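Here the structure is laid out as structure tokens; the discussion comes afterwards.
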Amino acid sequence: MTKADKAYQLLEIEYPNAKCSLDYGTPFQLLVSTILSAQATDKSVNNVTEKLYKLYPDVDSFLTLTQEEIENKIKKIGLYKNKSKNIYNMCRELRDKFNKEVPKTMVELMSLSGVGRKTASVVLVEAFKIPAFPVDTHVFRVSRRLGLAKGSTADKVSDEMMKKLSKKKWHLMHHLLITHGREVCIAQNPKCEICCLKNICTYFKAK
DNA sequence: AACTCGGGGCA
DNA sequence: TGCCCAGAGTT
């Protein structure tokens, strides 16, 4: 068994309920809620974005709003209002370049306003079940501390993780690493004493 | 690769 | 109030 498989196994036992926290309907709704939830702490995003896209469920309903109107909606539900410009522009890009459909490739998704590498790969995996390994700062930090990835950029870490794990494990592993990074393998003063992975962790060994 | 941006969380 | 942070965008 590889180290990556071992880590996966241990994390799966530690976090039996780990899964995607975003509840979404359509790919477009996932896209909007992913953008809005970026940089926000995960809680509260769910019901809040739900409210938003119940009122405005698709591209067309957003296209009827001015940027200021979108900003007011977002402000009212308590999320980053500065994302309104991105969402306003993105909906026009979807209309003009993609026939109002959420595109299904990394390059196309990343061409949209406010959509970067992480948001794009989340949409590919969650909405279209296209294999990808989203790397946020949690996944980046935990993978490197464990010694599963050595790359210095999120893209490299993503590639390394995909090579080390069978495809069917990618999706859950992503959520397991995020959960672990939030709760135990935190950025400052990680809680190594209680870590279920300390016996196989490069960072812990070096301490 | 390093920096900027800028609002939320938290002490 | 000031410090940190996540992710996108820019240089």
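This structure is a prediction, so every number in the text was calculated from the model and none was measured.
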Between the main-chain N or O of [Y] and the side-chain N or O of [X], is there a donor-acceptor pair closer than 3.5 Å?
X	Y	result
A:Thr119	A:Val115	no
A:Asp136	A:His138	yes
A:Arg141	A:Cys185	yes
A:Ser158	A:Ala154	no

Euclidean distance, atom [atom1] of residue [X] to atom [atom2] of [N] [Å, nearest integer]:
X	N	atom1	atom2	value
A:His138	C:dC5	NE2	C1'	9 Å
A:Arg117	B:dA1	CZ	P	13 Å
A:Arg141	C:dG7	CZ	C1'	14 Å
A:Ile186	C:dC4	CD1	C1'	13 Å
A:Asp136	C:dG7	CG	C1'	9 Å
A:Glu71	B:dG7	CD	P	10 Å
A:Gln188	C:dC4	CD	C1'	8 Å
A:Asn89	C:dA8	CG	C1'	14 Å

Margin query: Regarding A:Asp5 and A:Lys169, does a basic nitrogen lie under 4.0 Å from an acidic carboxylate oxygen?
Written below: yes
Check: Is there a donor-acceptor contact under 3.5 Å linking the side chains of A:Lys150 and A:Thr202?
Finding: no
Notebook entry, point to check: So, A:Ser113 versus A:Glu93: side-chain donor-acceptor pair below 3.5 Å or not?
Noted result: yes
Do any N or O atoms of the protein come closer than 3.5 Å to N or O atoms of nucleotides 9-11 of chain C, and which pairs are they?
{"unit_1": "C:dG9", "atom_1": "OP1", "unit_2": "A:Gly114", "atom_2": "N", "d": "2.6"}
{"unit_1": "C:dG9", "atom_1": "OP2", "unit_2": "A:Val115", "atom_2": "O", "d": "3.3"}

Nearest to the side chain of [X], heavy atoms from C-beta on, is which of [options]?
X	options	answer
A:Ser152	C:dC5, B:dA1, C:dG7	B:dA1
A:Thr153	C:dC5, C:dG7, B:dA1	B:dA1
A:Thr119	C:dA8, C:dC4, C:dG7	C:dA8

